[in-house]
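To start, the structure itself, in structure tokens.
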Amino acid sequence: MSLRISQTAHYVPSKVITNDDLAQIMTTSDEWISSRTGIKQRHVVQNEQTSDLALTVAQQLLQKADLKPEQLDFIIVATMSPDYLTPSTAAIVQGKLHAGKALAFDINAACSGFIYALAIADKLLAGPYQRGLVIGAEVLSKLIDWQERSTAVLFGDGSGGVLVEKSTQVKGIVAEDLATFGDLGAKLTAGYQPLCSPYSSDNIAKHKKYFEMDGRAVYDFATHEVPNSIRRVLVKANWKKDDVQWFLLHQANGRIISAIAKHLNIPEEKFLENIAKYGNTSAASVPILLDEAVNSGIIKRNQKLILSGFGGGLTAASIALSF
Ligand SMILES: O=C(O)C1CCN(c2ccc(-c3cc(CO)ccc3Cl)cn2)CC1
């Protein structure tokens, strides 16, 4: 028994902000952003919340599969930018979808969130459940300090997801490697919830609401731990790296993907990329990349894929997927 990805979908808000648009409101340039990150533009919400982006993807997945909402057993939303602490973004989607039979919950593993969520869905399908939605959805624009150019230029809003079903036909997730490096968590933070009772005092600076990142430290972490993660999952899957048709990595930074390809001595062409169009959309980046590659015919059935996420936590996670 295994997990089959039956449908893929993605959605991004209509508002496009180019690097030149950002140069109008902060001291930066298209040259700096493009050369250091590979990003040319990003999509930013105007009046949509994270649950709205996730709901649109959920509706697309049901429509593609000709399924009714009540046929869903679960909805998992991977997000680090939920509408609320409670209700979960997944619960909001479940309610608006009228998917009354589906258990629904969020998971937060930042940019590894979609990979963690796929692995969790695999376990649910090994149990009493038949099918569900796994969605990565982010509105990072609400977590950005728009006065801080070092982070404001990196991120975008978006959502992507998959319909997963119990299957006896495909191998699905052949192996997984989900790692957390909590001792490095302070290197990438956002959304601190300050203590505020009459009995507490909180010396954490209030600006911890917004993204803060030790870019050098996270960059170095990624270029070392992502190759390690991919090597481990290849061994667990008993795959050789040449068996893999495509590598779908979190779209954090174009130079990081090149560095990881070099570390692994794998041709860069095997690493799919769309960071130029969307920026870093955290948990949404891999499912957006997956849907685009399926739609364009780059990814075909029965191919061997490696999906990898890395970032906040810090986390690094990989899945060997027989698509
Ligand atoms: O070249 C420069 O000056 C800078 C150097 C630092 N850079 C970075 C550093 C880290 C990330 C990053 C972020 C996340 C969060 O999702 C996850 C994973 C990563 Cl590897 C993205 N960019 C940008 C260009």
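Every value quoted in this text rests on a predicted model; they were computed, and no experiment measured them. Whatever order the structure lists them in is the order used to number ligands and atoms, beginning at 1.
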Can you check whether V45's main-chain N or O pairs, donor with acceptor, with D157's side chain at less than 3.5 Å?
yes
Can you tell me if R255 uses its side chain to pair, donor with acceptor, with the backbone of T37 under 3.5 Å?
no
Which of the numbered atoms in ligand 1 are under 4.0 angstrom from any heavy atom belonging to [X]?
| X | value |
| --- | --- |
| F310 | 17 (C), 18 (C), 20 (Cl) |
| H250 | 16 (O), 17 (C) |
| G311 | 17 (C) |
| F155 | 15 (C), 16 (O) |
| R255 | 1 (O), 2 (C) |
| N280 | 13 (C), 14 (C), 15 (C), 16 (O) |
| I256 | 20 (Cl) |
| C111 | 15 (C), 16 (O), 17 (C) |

Is it true that [Y] and [X] share a donor-acceptor pair across their side chains at a distance under 3.5 Å?
| X | Y | answer |
| --- | --- | --- |
| D106 | T79 | no |
| Y116 | T180 | yes |
| D73 | Q130 | no |

Note, L249 side chain near V226 side chain (heavy atom, < 4.5 Å):
yes
Which class fits the ring pair Y278 and H10: parallel under 30°, tilted 30 to 60°, perpendicular over 60°?
perpendicular
Classify the ring geometry between F247 and F271 as parallel (under 30°), tilted (30 to 60°) or perpendicular (over 60°).
parallel
Ligand 1 versus [X], non-hydrogen atoms closer than 4.0 Å: side chain, backbone, both, neither?
| X | answer |
| --- | --- |
| F211 | neither |
| S282 | neither |
| R216 | neither |

Any salt bridge linking E292 with K277? Criterion: basic side-chain nitrogen under 4.0 Å from a carboxylate oxygen.
yes
Can you report which non-hydrogen protein atom sits closest to [atom], along with the distance?
| atom | value |
| --- | --- |
| atom 3 (O) of ligand 1 | R36 NH2, 3.2 Å |
| atom 22 (N) of ligand 1 | N253 ND2, 3.7 Å |
| atom 9 (C) of ligand 1 | G215 O, 3.5 Å |
| atom 21 (C) of ligand 1 | A252 O, 3.7 Å |

Separation between CG of L290 and CG of L272, rounded to the nearest 0.5 Å:
9.0 Å
Nearest heavy atom to atom 8 (C) of ligand 1, choosing from M213, Q251, E138, belongs to M213
